[in-house]
Structure formats: C-alpha cells, structure tokens
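First listed ligand is number 1; within each ligand, the first listed atom is number 1. Counting from 1, the numbers follow the sequence of the chain as shown.
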Amino acid sequence: MKIGICNDHAGVDYKNQLSEYLSGKGYEIVNFGTDTTDSMDYTDVAHPLASAVENGEVDLGVAFCGTGNGMAMTLNKHTGIRAGLAWSEAIGTLVKQHNNANVLVMPARFIPFSEVIRITDAWLTAEFEGGRHQNRIDKIPVK
Ligand code: RB5
C-alpha cells in the first residue's frame, strides 16, 4: 500500500519519523512535504497530496501541520478527500470507522510522537462501518 505524507515546517520531524516507522512495516511512502524547517505555506503541499489521493497515485494520505487545521481545511476542499483531524488513538479509530477518512491529519505541535504512532496504527487497522455512516458521507459534497 502506498501512503502519501505531507507536512509544513511544523511537521518535518514527525513526517520523517513516521515515514521510517511505516516503511519498516512494509508501506511504500511518498513524500509530498517540505524537508526543511523554513516557514512555508501548508497549502502548497496539501493540494498536491490531495490530488495524488484523488487520482490514485497513492492509496491514503497523512498530513501534519502545527495544529492540523490548515491541512484539514485545505485537503477537504477536494471533493474526493475526507481528511480527518485526530489527536488521540480513539479518534484515530473513529475517523476510519465512522468517517472513512482517506487522509489522516495530526497536530504536530500538540501531541507527542508516541501518540502519532498510536493514532496512525489505529486509523490504518480500523475498518469503515458503512451503513448509516455511508449515508452521511454521501451527503457531504456540496451539489
Ligand atoms: C505554522 O506556524 C502553523 O500556522 C501551521 O503549521 C498550522 O498550524 C496551520 O494551521
């Protein structure tokens, strides 16, 4: 499975650490983020990641910025993206079970890396429950 990862300057370390962790688990990682801590605009990396998920270049995405909000707001402008902001393991599970998030967004400045691992594992292993949650997802796009 291919996972695209993007980050702004606030998420460089976590991007690198998570990429190493996921590579070790057999995932193929595609880096869409910045590799320096120079201040940059999260939009410039979020849009390319969103397009890559939408066109199937990668199967899923993970994004980091300071709070996670800039990434989530940008990613969710794409109709094929359901970017879910998660800051705990339980939310990592629910954002897959209930929202079928195809991009996981985490707030790099507000959680320890150990939580990043727990959230990501929870999201990757949980299964979408469908049913009433699918009905709700179907109503997200603005017609
Ligand atoms: C960068 O300072 C910060 O604004 C950004 O990482 C993110 O938190 C925006 O939502």
*Does Lys2 reach the main-chain N or O of Glu28 with its side chain, forming a donor-acceptor pair under 3.5 Å?*
no
*Residues sharing Met73's hydrophobic cluster, by side-chain heavy-atom contacts under 4.5 Å among ILVMFWY, directly or via others?*
none
*Heavy-atom nearest neighbour in the protein, as seen from atom 10 (O) of ligand 1, with distance rounded to 0.1 Å*: Gly70 N, 2.9 Å
*Counting both backbone and side chain atoms, is some N or O of Ala10 under 3.5 Å from an N or O of ligand 1?*
no
_Between ligand 1 and Arg109, is the shortest N or O to N or O distance under 3.5 Å?_
yes
*asked:* For the backbone of Arg118 and the side chain of Glu89, can you confirm whether one donor and one acceptor N or O come within less than 3.5 Å of each other?
replied: no
_Heavy-atom nearest neighbour in the protein, as seen from atom 1 (C) of ligand 1, with distance rounded to 0.1 Å_ = His9 NE2, 3.4 Å
_Is it true that Tyr27 and Asp59 share a donor-acceptor pair across their side chains at a distance under 3.5 Å?_
no
*asked:* If you measure every N or O of Asn69 against every N or O of ligand 1, does any of those distances drop under 3.5 Å?
replied: no
*Is it true that Phe64 and Ile29 fall in one hydrophobic cluster, defined by side-chain heavy atoms closer than 4.5 Å?*
yes
*With a cutoff of under 4.5 Å between side-chain heavy atoms, which Ile, Leu, Val, Met, Phe, Trp and Tyr residues group with Ile137?*
Phe128, Ile140
*asked:* I need the nearest protein heavy-atom contact for atom 5 (C) of ligand 1: residue, atom name and distance, please.
replied: Asp8 OD2, 3.2 Å
*Would you mind listing which atoms of ligand 1 come within a distance below 4.0 Å of any non-hydrogen atom of Gly66?*
5 (C), 6 (O), 7 (C), 8 (O)
*asked:* What I want to check is whether the side chains of Gln134 and Asp138 have a donor and an acceptor closer together than 3.5 Å.
replied: yes
*Would you mind running through ligand 1 and noting each atom that sits below 4.0 Å from a heavy atom of Thr67?*
7 (C), 8 (O), 10 (O)
*Within-cutoff protein neighbour (heavy atom, under 4.0 Å) for atom 8 (O) of ligand 1*: yes
